[in-house]
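Below is one structure; the comments refer to it alone.
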Number of protein chains: 2
Amino acid sequence: MVTLAEVAQHAGVSASTVSYVLSGKRSISAETRERVGRSIRALGYHPNAGARALASNRSNIIALMIPLRTDMYVPVMMEIATAVATTARTHGYDILLLTGEEGPDAVRRVTGSGLADAMILMDVELDDDRLPLLRATEQPAVLIGLPTDPAGATCVDLDWSATGALCVEHLAELGHREVAVIGEAPAVYERHTGFAVRTLDGLRSRARELGLKVLHRPWEGGYDAMAATLSRIFDERPRTTGFVVQNESAVEPLLAVLRRLGRAVPEDVSVVAVCPDQVAVQASVRLTSVAVPAQEMGRHAVDLLVGRLDGRETDDVVLIAPELTVRASSGPAPSR
Amino acid sequence: MVTLAEVAQHAGVSASTVSYVLSGKRSISAETRERVGRSIRALGYHPNAGARALASNRSNIIALMIPLRTDMYVPVMMEIATAVATTARTHGYDILLLTGEEGPDAVRRVTGSGLADAMILMDVELDDDRLPLLRATEQPAVLIGLPTDPAGATCVDLDWSATGALCVEHLAELGHREVAVIGEAPAVYERHTGFAVRTLDGLRSRARELGLKVLHRPWEGGYDAMAATLSRIFDERPRTTGFVVQNESAVEPLLAVLRRLGRAVPEDVSVVAVCPDQVAVQASVRLTSVAVPAQEMGRHAVDLLVGRLDGRETDDVVLIAPELTVRASSGPAPSR
DNA sequence: CATCTCCGTCGAAGCGCTTCGACTCACCCT
DNA sequence: AGGGTGAGTCGAAGCGCTTCGACGGAGATG
């Protein structure tokens, strides 16, 4: 293993000089810089992460806490995670992967041990039990999600409330009067997951303003469950012509069951989805959708964090405005 | 920030004693251990990760390199990743997340800097360019996947070749004579991804032994592409009655298109999938399938690695035997 | 009873790096 | 000519922990 001291000796300078070459924190003559650079390459030197962390009190690691729930749509999580990882690398940071399993303890462990310089938390609940811990430490943290009280942490999220409103507005403009929402699994609402609750609230209040009737049904997964859900919906509200799907994995089952029921999309019923664009265009019907900007959220989170770590002032809450793309799954309400 | 020394002072012992209490590497009287434990709790002490890594030359971190390709089935990757993370935690290790993007450089960086004690690599190609680097370091590594020459690294994988064989055997037993394979995206084969190539090889050679005709068609994604693929297959081999799907995301498109073509499953055609059990049971037709044991693979990989790190001798290659579960998507070939 | 052994504890020496203060030149200003 | 300035470099002091060797004392051994 090659050390700084060996590089210094090889280059005929002192260890501190090599360190300053590496960090650029003091000016070094071009000639010396050159020579040190050559020695580094010649010896194949890599700074030791532990030593660096100890001496500088910086690990250059960002912890990312991902839920390991199976009731969330995984690809979006993954997309956020990869965006976080790649963005972090461009700033010289690595990502430590924490699963939600450990819960608040993980926060304690990581901040306490100086393993990471900062944290990014996903799957934020409205009243998240990790928040008090974050407030108690001076370590920067970014939530991907928006709790009820965001004090003490920076937040990045899609404006879910506006998203819900946007979906229902679109359907209203097309003349739909009765709308059904196929939601997440019940457990997601029960633990007050921010995005699910907010979407629903935003949708409902806009619907009220517009005079639309809304039915919300969670969905557990599976085709049979979808068939049951739909038949219940059409029993209770036969005149339902608009659907909002907030759960990406519900998209295909919904379309399949509608087909089986003989309801044409978009002639008989319209469907608006909240999902990544890729899902929307690859579905069996090209979906009118509000995109979930997973990449953007991940990138933003890291940028904010790095800004904080570099001592810059940053925004406290970044809400991304939703954008609806009209595709083939929504159209004018059938005249009856 | 609380340090070891402060704990030692608070407990009235020397720093080394506290260290030995923590590591258990020397015997400590019960009374002292008790007292030190109390001080630790009283002060809220957490060992500093950097200092520990520096002094002990162990970071207690395992690097996990995940592909960030979009042409792979994401949920399986994620399942492996979470299994890796949770298993690692039970052994006291944390996970450093590396995306495939950096490629071999990431290996160099991580092993060189002592950031991680070991690595787990996913998305292994038959002739992977990260392998030479792994062989050149004495750091343990586990591949989830099996390259052509596994020397120098431990490997964990499903026996894909046997998996392919198993699928075709099942169809053969049911009397199917002409079989089509809906594969991964072409790029997956082009870069010689181990599992894709091996499955196909295993399937083909068993088919040859059994006298079955096999057609293999990659699939890029999307319903239209699936419709095109199927119509080509039925053009070229009208008597095709068996399908093997190795790409989980192809399952629903395949079933939907078959339905549209008026081919009933399993009466007209049988479908065997290679996918996680959850996908198989939640599909619109309950699928006969070979399970991809994602969790098991992740867990195994970590167990092997930890074994190595603890100086134990471990297996070099762990191949998990495939298991086929018969469900509702396969049945006797139609008599013609 | 002298000697050996083992247990429990301590002190000190690093691990490889960053960073602060200090030093040496050259150069510029008055 | 004297002093000030800034660029470039060095030495040394730590960062918080692990670990090795040493040591005193208790109990076992012959």
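Treat the numbers as computed from the prediction; the structure is a model and nothing was measured. Labels below follow one simple rule: chain letters A, B, ... track the order of the sequence lines, proteins then strands, and each chain is numbered from 1.
- Residue B/Ser16 has its side chain nearest to C/dC10 when only D/dT9, D/dA7, C/dC10 are considered.
- Rounded to an integer number of Å, the gap from B/Arg33 CZ to C/dC7 P is 13 Å.
- Side-chain atoms of A/Leu4 lie closest to C/dC17 of the nucleotides D/dC17, C/dC17, C/dG16.
- For A/Ser27, the listed nucleotide lying nearest its side chain is D/dA7; candidates were D/dA7, C/dT19, C/dG8.
- For the pair A/Asn57 CG and C/dT18 P, the interatomic distance rounds to 13 Å; values are reported in whole Å.
- OP1 or OP2 of D/dT18 has at least one side-chain nitrogen or oxygen of B/Ser19 nearer than 4.0 Å.
- Between the CZ atom of B/Arg58 and the C1' atom of D/dT19 there is a distance of 15 Å, given to the nearest Å.
- For B/Arg26, the listed nucleotide lying nearest its side chain is C/dT9; candidates were D/dC17, D/dC15, C/dT9.
- Taking every side-chain heavy atom of A/Leu54 into account, C/dG16 is the closest of C/dG16, D/dC17, C/dT19.
- A/Thr17 has no side-chain polar atom (N or O) that falls below the 4.0 Å cut-off from OP1 or OP2 of D/dT9.
- Following rounding to the nearest Å, B/Glu6 (CD) and D/dC15 (P) show an atom-to-atom distance of 11 Å.
- The closest side-chain donor-acceptor pair between A/Ser16 and A/Ser19, if any, does not fall under 3.5 angstrom.
- For B/Ala51 and B/Ile28, each mapped to the nucleotide of DNA chain C holding its nearest heavy atom, the one lying further toward the 5' end belongs to B/Ile28.
- Under the 4.5 Å side-chain criterion, counting only non-hydrogen atoms from C-beta, A/Met65 is not in contact with A/Val110.
- Of the N and O atoms on the side chains of B/Ser59 and B/Asp117, at least one donor lies less than 3.5 Å from an acceptor on the other residue.
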Apply side chain to side chain donor-acceptor pair (under 3.5 Å) to the pair A/Thr87 and A/Thr90, showing each step before the final yes or no.
CA-CA 5 Å; A/Thr87 310; A/Thr90 69; 5.7 Å; no
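- At whole-Å resolution of the value, CD in A/Gln9 and C1' in C/dG16 are 15 Å apart.
- Note on A/Thr3: every side-chain N or O is 4.0 Å or more away from OP1 and OP2 of C/dC15.
- Donor-acceptor pairing under 3.5 Å is recorded for the side chains of B/Arg58 and B/Tyr93.
- Here the nucleotide nearest the side chain of B/Ala55, chosen from D/dG16, C/dC17, C/dC10, is D/dG16.
- Candidate nucleotides D/dT19, C/dG16, C/dT19 were compared by shortest atom distance to the side chain of B/Tyr20, and D/dT19 ranks first.
- Per the geometry, NZ belonging to A/Lys25 stands 19 Å off C1' belonging to D/dA7, to the nearest Å.
- Of the candidate nucleotides C/dT18, D/dC17, C/dG16, C/dT18 has the atom lying nearest to any side-chain atom of A/Arg52.
- Rounded to whole angstrom, the span from the CD atom of B/Glu34 across to the C1' atom of C/dG8 amounts to 17 Å.
- Residue A/Val13 places its side chain closer to D/dC10 than to any other of C/dG11, D/dC10, C/dG16.
- Between B/Arg35 and A/His46, the residue whose closest nucleotide on DNA chain C is further toward the 5' end is B/Arg35.
- At least one side-chain nitrogen or oxygen of B/Ser14 sits closer than 4.0 Å to the OP1 or OP2 atom of C/dC10.
- Using a 4.0 Å heavy-atom cutoff across all strands shown, A/Thr32 reaches sugar-phosphate atoms only and no base atom.
- One interatomic measurement links the two molecules: CE of A/Met1 to P of C/dG16, which rounds to 7 Å at whole-angstrom precision.
- Look at A/Asp123 and A/Arg191 and you find a salt bridge, because one of the NZ, NE, NH1 or NH2 atoms lies within 4.0 Å of a carboxylate O, short of that distance.
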